[in-house]
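Report on one structure; see the data block that follows.
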2 protein chains.
Amino acid sequence: MIDWREFDQNPVSHSAAHHLTSIQQLLEEQGYARVSDVARKLGITRGSVSVSLKGLRQRGLVIEDQHKHLGLSEEGHRIARGIHTKRVLFQAFLRESLGLPDELAELDACKVEHLVSDVTAEALALFLERRPADDEARAELAEQVKVLEKSIKEGRVETFPCKEIEDFSSELMRKNELENNTHDDE
Amino acid sequence: MIDWREFDQNPVSHSAAHHLTSIQQLLEEQGYARVSDVARKLGITRGSVSVSLKGLRQRGLVIEDQHKHLGLSEEGHRIARGIHTKRVLFQAFLRESLGLPDELAELDACKVEHLVSDVTAEALALFLERRPADDEARAELAEQVKVLEKSIKEGRVETFPCKEIEDFSSELMRKNELENNTHDDE
DNA sequence: TCAACCTGTTTGGGTAGCCAAACGAATGAG
DNA sequence: CTCATTCGTTTGGCTACCCAAACAGGTTGA
């Protein structure tokens, strides 16, 4: 069993990820970023942002000039860029390969962006480069997804996973175990 | 901007997800599950498990018989099965479509399993069914991934994202925005 | 000049997790 | 029977977030 607590052992927390990317975005959008700008963008109070940024300043990710204008250190900038890149990659995958509607793709990408490893993100980029959006397949998937969404919303299928998917995943698991055993034999 | 705090607005937390799936797994493996079994499996203290399970019991997800043996309610069982299914689906995708090594696939799948929406999981299942592992492509990707991993470990590339990937993601973003604009025009 | 407003900070309160330590109850060995 | 172990629970302490509220400093318009 893998250590499941690696979950919150990431370079930056979900919260910190959004603080950093907000600053970066504000700098691009309006040229500066202050505590209240970040608070407004994230929808939390100035007090919360003030406290959070104190930590990020101590960790050397965020800097502040004489006029209380925020900036990112080189490290902070790198981290923000990394998270943003992961978000874009995942969103693209969810939209274009899985045919998910835009909003859901954005939401789910946002949830996982700071959790996936760098290697996984790189692999995803390679995958997307190699298999660029196949519009036909995508449209077909999008159609099926739309039907699914509707069923769920109407309460016709309130139970995930449905039988088909569970069977499919059981099969995947079986194949996985098989493969591991052959590897172990080497 | 999407509400980034949906992050911890999921039916179950990362912690709860593991408590539930542990119980389910223990029931399968040894026919029963007690507080200490769960604690051992999760690598945390009995006290922590005791407290966590109190909450899950109040929420009606976990039940307990006269002999302090734990079980899952119908709802609890459904949730545990759902999370497990998502884990399997993501792990399969990371391994077979992205060519990631087994351990990393398991780790990353474990991090996101409880966060992704049901619809996303269903879409992923459809995707995997439609594009079963292409062994050739997978081997090729695995090779590239191996090289990447090595570079990162040796510190030759300590910076994610590298230039290529960032350029690629910029392009994805550009395409995304273009598409949104065309949709807006409709 | 002075009140109104906006800023950033601090403080006390709340939730969710984790730990270590202490406890009572049950169980098992001798 | 007794002592040691195991089990589940409770408690106090910790971190990481969030909020609301109070406060201090700066700007600005009348």
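Chain naming here is simple, since letters A, B, ... match the order of the sequence lines and numbering starts at 1 in each. No hydrogens, no waters, no symmetry mates; every other heavy atom, side chains included, goes into these values.
Under the rule for a ring-ring contact (aromatic ring centres under 6.0 Å, His included), the partners of H69(A) that lie at least two apart in sequence or sit in another chain are Y32(A). Under the salt bridge (charged side-chain N to carboxylate O under 4.0 Å, His left out) criterion, E96(B) pairs with no residue, sequence neighbours left out. Every side-chain hydrogen bond (donor to acceptor under 3.5 Å, both in side chains) that E140(B) has, sequence neighbours left out, goes to R130(A).
To the nearest angstrom, C1' of dC7(D) lies 10 Å from CG of D37(B). If you measure from atom CG of L56(B) to atom P of dA16(C), you get 11 Å, rounded to the nearest angstrom. Atom CG in D8(A) sits about 14 Å away from atom C1' in dC14(D), given to the nearest Å. The nearest whole Å value for the distance from the CD atom in Q58(B) to the P atom in dT15(C) is 13 Å. Computed from coordinates, the F7(B) CZ to dA16(D) P distance equals 15 Å when rounded to whole Å. If you measure from atom NZ of K54(B) to atom P of dT15(C), you get 14 Å, rounded to the nearest angstrom. The nearest whole Å value for the distance from the NE2 atom in H67(A) to the P atom in dT7(C) is 17 Å. For R34(B) and dT9(D), the CZ to P distance is 12 Å, given to the nearest whole Å.
Dashed line: the shortest gap from a side-chain N or O of K68(B) to OP1 or OP2 of dA26(C) is not under 4.0 Å. Of the side-chain N and O atoms in R40(B), none sit less than 4.0 angstrom from OP1 or OP2 of dT6(D).
Cation-pi contact between K111(A) and F90(A): absent, since separation from the ring centre below 6.0 Å together with deviation from the ring axis within 45° is not met.
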*Scan nucleotides 17-22 of chain C nucleotide by nucleotide, 5' to 3', and note B when protein non-hydrogen atoms come under 4.0 Å of the base, S if they reach only the sugar-phosphate, - if neither.*
SSBS--

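Listed by first and then second residue, the ring pair (Phe, Tyr, Trp, His ring centres under 6.0 Å) pairs involving residues 100-140 of chain B are F7(A)-H114(B), F93(A)-F127(B), H14(B)-H114(B) (not counting sequence neighbours). Residue pairs that meet the side-chain hydrogen bond (donor to acceptor under 3.5 Å, both in side chains) test with at least one member in residues 44-57 of chain A, sequence neighbours left out, are T45(A)-S48(A).
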